Amino acid sequence: MEEKDKDLLSGENSSDAEAVQPSAVPAPEDTAVDAPAPDTAPSDGEANDTPAQPDTDTDTAAEAAPDAEEEHKPTLLEKGKALFQRLSFPNYIMRFAGIYLLISSFFVMHYDIFNKKHAVRPIGNWQDYRDVIPTLLLVIFVLVGYVLISLLKLKFKRTRLDSGVLLAGLILFSLTTLWKNPSFYYAAAMILMTSVFGYLGIRYDKKHASRKLPFWLVIVLISLLGVGVFAYIASMTVYQYKVYGTSCFDMGIFVQMYHSMITDLSLVTTCERDKFLSHFAVHFSPIYYLLLPFYYIFPRPETLLIAQAALVVSGVIPLVGICRNRKFSNGTILFFSITYLCCAEFIGPCFYDFHENAFLPPLLMWLFYAGEKQKKILLYIFTVLVLLVKEDAPIYIVCIGLCFAFQKGIRKHGVIMAALGSVYFVVVTKLMEHFGEGVMTSRFTNLMVDQKPDWAKCLKRYSWIPAISSAS
């Protein structure tokens with residue numbers, strides 16, 4: 001019992017000691033017990049008397065930011081290096097090559113037109129040709145063209161503009177240098193080079209281009225090129241006339257003919273066959289009357305040359321309509337338009353005075369457009385207009401009509417076109433043989449083996465011998 005009582009007394013004393021011991025230790029002055037609660041708002045007096053503590057971390061970052069910018073500010077050399085790394089060399093090469101070929105093609109055409117008799121062949125005699133071309137002017141034109149295309153590329157970065165310029169340059173240069181060039185090997189090499197480099201350029205641009213050319217930009221580019229080609233043809237042909245570069249055959253004939261037309265609506269000339277004769281006796285071309293109002297307002301030879309340039313260039317309008325109807329991409333539309341406007345076969349004949357054949361490109365293109373859109377009324381309007389161009393123009397209508405005869409929707413109209421062209425051709429030929437000088441059958445000697453003007457034999461050989469058909 002005594003031991004038990006001692007244990008109890010020792011337990012009470014220990015518990016009391018444990019209870020008293022914490023209170024005996026003084027609490028530190030800066031303990032959280034004496035600190036005010038964090039959500040306790042200070043009084044007005046305290047808020048005014050106590051200065052706000054600055055945010056040292058924010059100030060330090062703000063002070064360090066300018067220092068960091070100054071430390072990482074790129075030097076001129078670093079900027080140049082970064083720009084060099086961003087350059088796309090294939091695009092720059094394609095752009096330069098395309099511009100150079102385009103400008104060179106116009107120089108070739110210009111030189112050949114004004115030096116017909118003593119012209120140096122740019123390929124066969126390239127050493128001599130190099131000496132007659134103004135090199136400084138060529139360089140200036142190339143640089144200006146390169147800058148203009150580069151500005152367009154900055155505006156439309158992810159487009160296939162460079163490959164389009166390259167392909168247009170290759171095609172135009174091939175056409176201009178192949179013109180009157182008898183070398184088969186050069187022709188084969190140019191066709192191969194145009195195909196390979198054009199394909200590679202388009203493939204490269206297709207991988208790196210994410211944006212398509214907007215249609216409005218395509219129209220702007222086509223319009224600018226069309227105006228440029230028109231201005232070139234019109235100004236150069238007028239200049240050729242001003243320096244007596246034209247002759248009586250055929251510029252003098254048509255100037256005299258239009259003078260008769262504004263006088264009494266006849267097509268009488270005296271210089272064509274050294275006698276008082278209507279031009280219908282030589283060529284049956286009533287289409288000339290379409291230009292009579294313009295010549296009546298501006299009765300000058302230059303009017304005919306300017307009108308001829310406008311006629312040839314205007315054929316690009318229905319071409320764009322055909323491409324749109326075929327759902328071609330905007331880049332493809334631009335490519336076909338450039339090919340048409342820069343075609344040497346359309347530009348070159350304009351420099352040989354004035355002729356009714358200038359009506360054919362736009363009228364035929366509108367005829368194809370009417371067939372594509374299956375506009376029957378428009379189809380017959382342009383069929384008649386093509387027939388009025390010349391006595392041999394019905395051949396176009398017969399061939400196109402036969403093609404339309406296999407096209408769904410206008411088969412019947414195609415047969416009617418072919419029949420109308422055949423009848424018109426026979427009637428006009430007989431009338432010219434009876435009342436005029438006859439048809440110039442010498443143009444079809446490649447279809448006439450015995451050199452006799454027999455149209456039946458001509459058509460028979462044309463249909464029987466495919467090689468003759470393709471060669472003609």
Side-chain angles (χ1 to χ4, degrees), residues 88-113 121-124 126 129-130 133 135 138-139 141-150 152-153 156 159-209 213 217-218 221-222 224-226 228-229 232-233 313 315-316 319-320 323 328-348:
S88 178
F89 285 103
N91 285 85
Y92 283 88
I93 294 172
M94 287 191 294
R95 191 182 312 164
F96 177 80
I99 293 297
Y100 175 78
L101 292 174
L102 285 172
I103 301 299
S104 298
S105 302
F106 279 104
F107 270 78
V108 171
M109 286 190 292
H110 183 273
Y111 172 76
D112 186 77
I113 288 166
R121 297 290 92 195
I123 303 301
W126 64 269
Y129 177 79
R130 177 191 57 193
I133 290 297
T135 306
L138 175 65
V139 172
F141 273 77
V142 170
L143 292 178
V144 172
Y146 186 85
V147 171
L148 292 177
I149 298 299
S150 298
L152 283 175
K153 186 65 175 180
F156 306 98
T159 58
R160 285 182 280 181
L161 183 62
D162 295 323
S163 61
V165 172
L166 173 64
L167 191 58
L170 285 169
I171 293 175
L172 182 59
F173 188 80
S174 299
L175 292 175
T176 52
T177 53
L178 288 174
W179 189 26
K180 298 180 181 179
N181 191 330
S183 176
F184 168 78
Y185 299 102
Y186 176 76
M190 288 302 298
I191 292 173
L192 179 63
M193 185 178 70
T194 302
S195 303
V196 171
F197 285 103
Y199 173 78
L200 293 177
I202 291 176
R203 289 284 296 179
Y204 177 83
D205 247 5
K206 188 175 182 180
K207 293 180 179 179
H208 295 78
L213 282 173
L217 178 61
V218 171
L221 293 175
I222 294 173
L224 291 175
L225 181 60
V229 173
Y232 173 77
I233 297 175
V313 171
V316 75
L319 174 62
V320 173
C323 294
F328 290 164
S329 65
N330 294 335
T332 305
I333 295 174
L334 180 62
F335 164 73
F336 279 115
S337 301
I338 293 174
T339 304
Y340 175 89
L341 291 171
C342 297
C343 183
E345 284 72 16
F346 291 153
I347 297 175

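Because the structure is predicted, anything quoted here is derived from the model rather than measured. These values consider heavy atoms only, across backbone and side chains, with no hydrogens, waters or symmetry-generated copies.
Judged as a side chain to side chain donor-acceptor pair (under 3.5 Å), and not counting sequence neighbours, the contacts of Ser150 are Arg95. Every side-chain contact (heavy atoms from CB on, under 4.5 Å) that Val147 has, sequence neighbours left out, goes to Leu151. Residues meeting the side-chain contact (heavy atoms from CB on, under 4.5 Å) test with Leu101, sequence neighbours left out: Leu170, Phe173. For the side-chain contact (heavy atoms from CB on, under 4.5 Å) test, residues two or more places apart in sequence or in another chain that qualify with Ile338 are Ala168, Leu225, Leu334, Cys342. Not counting sequence neighbours, the partners of Thr332 by the side chain to side chain donor-acceptor pair (under 3.5 Å) test are Ser329. Partners of Phe346 under the side-chain contact (heavy atoms from CB on, under 4.5 Å) rule, at least two apart in sequence or in another chain, are Val312, Tyr340, Cys343, Pro361.
Contact between Gly145 and Ile99 at its shortest, heavy atoms only, is O-CD1, 3.9 Å. Smallest separation of non-hydrogen atoms from Leu341 and Ile222: CD1-O, 3.9 Å. Gly198 approaches Leu167 most closely through the heavy-atom pair CA-CD1, 3.6 Å. Nearest heavy-atom pair, Gly226 versus Val313, reported as atom, atom and distance to 0.1 Å: O-CG1, 3.6 Å. Listed here is the closest heavy atom pair of Ser105 and Gly169: OG-O, 4.4 Å. The minimum heavy-atom distance between Ser174 and Met190, with the atom names listed, is OG-CE, 3.2 Å.
Ring pair Tyr92/Tyr146 is tilted by interplanar angle, where 30° to 60° counts as tilted.
Surrounding CZ of Phe328 are more than 12 heavy atoms belonging to other residues, nucleotides or ligands, all under 6.0 Å away. A 6.0 Å sphere centred on CZ of Phe335 holds more than 12 heavy atoms belonging to other residues, nucleotides or ligands.
The distance from the CD1 atom of Ile149 to the CE atom of Met94 is 13.0 Å, given to the nearest 0.5 Å. Taking CG of Leu221 as the reference point, atom CD1 of Ile333 lies at 12.5 Å (rounded to 0.5 Å). Rounding to the nearest 0.5 angstrom, the gap separating the CG atom in Leu166 from the CZ atom in Phe197 is 8.5 Å. Rounded to the nearest 0.5 angstrom, Leu152 CG and Leu217 CG are separated by 6.5 Å.
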